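One structure below.
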Amino acid sequence: WRRAARLADVRGSNNLGRMLEDAGDMKGAEIAYRKADQQGDAGGAFNLGVLFWKQGDVPRAISSFERAGERGHDGAPEILERIRREFPHV
């Protein structure tokens, strides 16, 4: 997956992010998800939002979920609705 990510393969970047996150490398996962997100990948934006959410960074999570939703990710609108109910002032 690292080779695919280096070659700017969106799925490779997103999959690498998942593998790194599963291995506990949150910084590496963030870099890989961000790369997929920057390439316009809804899944990369969504996974970046999940990572930010887990880290307690609600504003960046919301921003990432919004991008994922704009790109058609099915789960993003529901997550955004739940976050906005729980954190109405963010």
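Hydrogens, waters and symmetry mates are skipped; everything else that's a heavy atom, side chains included, is used. All values reported here derive from a predicted model rather than from experimental measurement.
Judged as a ring-ring contact (aromatic ring centres under 6.0 Å, His included), the pairs with a partner in residues 18-48 (not counting sequence neighbours) are, in order, Phe46-Phe65, Phe46-His73.
Using a 4.5 Å cut-off between side-chain heavy atoms of Ile, Leu, Val, Met, Phe, Trp and Tyr, with links allowed through other members, Trp53 and Leu80 fall into the same hydrophobic cluster. Using a 4.5 Å cut-off between side-chain heavy atoms of Ile, Leu, Val, Met, Phe, Trp and Tyr, with links allowed through other members, Val50 and Ile79 fall into the same hydrophobic cluster.
Side-chain contact between Ser64 and Ile62 is absent, with no heavy atoms from C-beta onward closer than 4.5 Å.
Scanning all heavy atoms of the two residues, the minimum distance from Gly49 to Ala61 falls at O-CB, 3.5 Å. Considering all non-hydrogen atoms of both residues, Gly44 and Ala36 come closest at CA-CB, 3.9 Å. Taking each heavy atom of Ala29 and Gly17 in turn, the nearest pair found is CB-O, 3.4 Å.
Summarising the geometry, atom CG belonging to Leu48 is positioned 11.0 Å from atom CD1 belonging to Ile31; distances are rounded to the nearest 0.5 Å.
Checked options Asp37, Asn14, Asn15; the residue passing with Asn47 is Asn14 (criterion: side chain to side chain donor-acceptor pair (under 3.5 Å)).
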Where do Arg34 and Asp41 land on the salt bridge (charged side-chain N to carboxylate O under 4.0 Å, His left out) test, with the steps shown first? CA-CA 9 Å; Arg34 189 178 304 280; Asp41 182 57; over 6 Å; no
Step by step, work out the side chain to side chain donor-acceptor pair (under 3.5 Å) result for Arg60 and Ser63. CA-CA 5 Å; Arg60 290 197 324 172; Ser63 179; over 6 Å; no
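Salt bridge absent: Lys27 and Glu21 never bring a charged side-chain N and a carboxylate O closer than 4.0 Å.
Applying the 6.0 Å contact sphere to CG of Asp74 captures no more than 12 heavy atoms from other residues, nucleotides or ligands. With a 6.0 Å radius and a threshold of 12 heavy atoms from other residues, nucleotides or ligands, Gln55 has its CD atom above the threshold.
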Side-chain polar contacts of residues 81-90 - donor-acceptor pairs under 3.5 angstrom, sequence neighbours left out - could you list them?
unit_1: Glu81; atom_1: OE2; unit_2: Arg85; atom_2: NH1; d: 2.9
unit_1: Arg84; atom_1: NH2; unit_2: Glu66; atom_2: OE2; d: 2.3

